[in-house]
Number of protein chains: 2
Amino acid sequence: MKVLTKNTDYAIRALLSLAGAKGEFVSARAISLEQDIPYQFLRRLLQEMIRYGLVSSKEGAAGGFRLARDPDTIRVTELIGIYQGPVRVSECMFRKQICANRARCVLRHEIMRIEQVVQQEFEKVTIGKLLADLDAQNARIAAAGIPSGERGESDALSVSTKKPERTEKQ
Amino acid sequence: MKVLTKNTDYAIRALLSLAGAKGEFVSARAISLEQDIPYQFLRRLLQEMIRYGLVSSKEGAAGGFRLARDPDTIRVTELIGIYQGPVRVSECMFRKQICANRARCVLRHEIMRIEQVVQQEFEKVTIGKLLADLDAQNARIAAAGIPSGERGESDALSVSTKKPERTEKQ
DNA sequence: TCTAATTGATACCAATTTAGTATCAGTTAT
DNA sequence: ATAACTGATACTAAATTGGTATCAATTAGA
Ligand code: FES
Ligand code: FES
């Protein structure tokens, strides 16, 4: 079972890039490279974000995207809502009928309780919080005395990652 | 987002039928009708359950399935594990690499925490508990003075359910 | 002993969702 | 002018989920 799909995951990381840029416009291309997200896929995600008022954009050369809201107000739940629909534990809530069968309906109490719990937990996680955690982590790495040359684009902790080298036009 | 897929949902309901039969063998056909689960689909689910030791079967005419374990020990988490794989909030755990990128890794703490919460919540729900809830619910309906003729197979609370009348051979 | 109901085992198909690619038109800093 | 962008959208591929069909072996009961 997979709670976060790629697009939500990508969206979070893209927003982290923007949050890190502190108001500067960042191009989709730059985010794509920084976070290793397929370029065109990312662009669609960003368009979605614009529609939902999460980011704003500047067209043309030297254009790009920046956050349109305080990162502390952008919750993972909201992103899940945008990219995966609202968190539903079972389908039965989607039906326009109430309790087509009793057995499943018994599940309903439990299901709704768990839905709430999941919702609440994700509600606690904001882009701002994640960014703070990220900064703290980086600070820790720096403090550990690793020479700055060692911690470049590719993660020092990764194990032989030889990316499959996606080829992509445009 | 959907946490419980059809097969898990079906599996739970099938087990509820078996738990209700108190040791008697119940045929796949009977369960299929009682719970409105596609017959062949259900059979596959039951085979899975046998493999995992949840139920046992008797072949031949008058054969069927019955629980092989105490319903109180059968947890929804276990069923999710069987039919949907273990609960994973994000994919990053599947990769054989540790933290291909730092940004996503920050998510990891939160992700693991939430995974645990979901796990724990579903862990609390057993077939035995669901059956007890179901019985309590039925008792309540009976106590409400509804004549027994009124509460047959089709749920009294359902709203115009006119099943699409699945046609199915065998 | 014949037969109908049943499980065992699999192979297959359809629908949906998720992931990723391509393209063209319009905008703008340089 | 032009290269680097966004806006919009159409398309394709892969994976997952949901469902159907078939055939063989088993068994209770008429
Ligand atoms: S609410 Fe969905 S079956 Fe009762
Ligand atoms: S653990 Fe998956 S990216 Fe760090």
Side-chain angles (χ1 to χ4, degrees), chain A residues 1-11 13-14 18 24-33 35-51 55-66 68 80 82-85 88 90-91 94 164-170, chain B residues 1-11 13-14 18 24-33 35-51 55-66 68 80 82-85 88 90-91 94 164-170:
Chain A
M1 206 219 65
K2 190 174 45 183
V3 177
L4 293 187
T5 58
K6 285 279 188 197
N7 39 20
T8 308
D9 182 82
Y10 287 164
R13 284 154 56 197
L18 295 184
E24 293 292 302
F25 282 101
V26 184
S27 73
R29 176 66 67 192
I31 299 172
S32 165
L33 293 174
Q35 301 282 2
D36 192 33
I37 301 171
Y39 177 64
Q40 296 293 1
F41 200 148
L42 171 64
R43 299 226 297 131
R44 250 196 349 215
L45 299 179
L46 286 165
Q47 294 296 320
E48 241 356 45
M49 290 188 210
I50 286 182
R51 252 165 252 137
V55 304
S56 58
S57 63
K58 187 171 79 172
E59 278 184 285
F65 302 84
R66 68 179 170 194
I80 292 178
I82 293 172
Y83 294 108
Q84 309 179 206
R88 294 284 134 194
S90 137
E91 277 182 323
F94 295 145
E165 201 63 58
R166 261 185 299 101
T167 41
E168 199 179 351
K169 286 180 185 173
Q170 191 175 162
Chain B
M1 205 219 65
K2 191 172 44 183
V3 176
L4 293 187
T5 57
K6 285 276 188 198
N7 38 20
T8 307
D9 183 81
Y10 288 163
R13 283 154 58 195
L18 295 184
E24 293 293 302
F25 282 100
V26 184
S27 73
R29 176 66 68 192
I31 299 173
S32 165
L33 293 173
Q35 299 282 1
D36 192 33
I37 301 172
Y39 177 63
Q40 295 293 1
F41 200 150
L42 171 63
R43 299 228 297 132
R44 249 193 354 211
L45 299 179
L46 286 165
Q47 294 296 321
E48 255 328 66
M49 290 189 211
I50 286 182
R51 250 164 255 140
V55 305
S56 58
S57 63
K58 187 172 79 173
E59 276 184 286
F65 302 84
R66 68 178 170 195
I80 292 178
I82 293 172
Y83 295 108
Q84 310 178 205
R88 295 283 133 196
S90 135
E91 278 182 321
F94 294 145
E165 201 64 58
R166 259 185 299 100
T167 42
E168 199 178 352
K169 286 181 186 174
Q170 193 177 167

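Here is how names work: the chains are called A, B, and so on, in the same order as the sequence lines, proteins then strands, and each is numbered from 1.
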Which residues pass the salt bridge (Lys or Arg N to Asp or Glu O under 4.0 Å) test with Glu48(B), sequence neighbours left out?
Arg51(B)
Is there a side-chain contact between Tyr10(B) and the phosphate of dG19(D), meaning an N or O under 4.0 Å from OP1 or OP2?
yes
Heavy-atom nearest nucleotide on DNA chain D taken for Tyr83(B) and for Gly60(A); more 5' hit belongs to Gly60(A)
Between Asn7(A) and Gly64(B), whichever has its closest DNA chain C nucleotide further toward 5' is Gly64(B)
Any side-chain N or O of Ser27(A) under 4.0 Å from OP1/OP2 of dT6(D)?
no
What's the spacing between Ser27(B) OG and Leu46(B) CG if we round to 0.5 Å?
10.0 Å
Have a look at Ile50(B) and say if it touches a base, only the backbone sugar-phosphate, or nothing, with a 4.0 Å heavy-atom cut-off.
sugar-phosphate
Could you state the atom-to-atom distance from CD of Glu48(A) to P of dG7(D) in whole Å?
12 Å
To the nearest angstrom, how far is Arg29(A) atom CZ from dT21(C) atom P?
12 Å
Starting at atom NZ of Lys58(A), determine the distance to atom C1' of dT28(C), rounded to an integer number of angstrom.
9 Å
Under 4.5 Å between any side-chain heavy atoms of Tyr39(A) and Arg29(A), yes or no?
yes
Does Thr5(B) put a side-chain nitrogen or oxygen below 4.0 Å from OP1 or OP2 of dG18(D)?
yes
Given 3.5 Å as the limit, does a donor-acceptor pair link the side chain of Ser57(B) with the main chain of Phe65(B), or not?
no
Where the side chain of Gln35(B) meets the backbone of Arg13(B), is there a donor-acceptor pair that is under 3.5 Å apart?
yes
Protein-nucleotides 8-14 of chain D N/O pairs under 3.5 Å:
from	atom 1	to	atom 2	distance (Å)
dA8(D)	N6	Arg43(A)	NH2	3.2
dA10(D)	N6	Arg44(A)	NH1	3.3

Qualifying residues under side-chain contact (heavy atoms from CB on, under 4.5 Å), relative to Arg44(A), sequence neighbours excluded
Phe41(A)
Pairwise distance CG(Leu45(B)) to OH(Tyr10(B)) - rounded to 0.5 angstrom:
9.0 Å
Pick base, sugar-phosphate or nothing for Gly63(B), based on heavy-atom distances below 4.0 Å to the nucleic acid.
sugar-phosphate
Output the single nucleotide from dG20(C), dT28(C), dA5(C) whose closest atom is nearest the side chain of Ala61(A).
dT28(C)
Round to a whole Å and report the spacing from CG of Leu46(B) to C1' of dT10(C).
16 Å
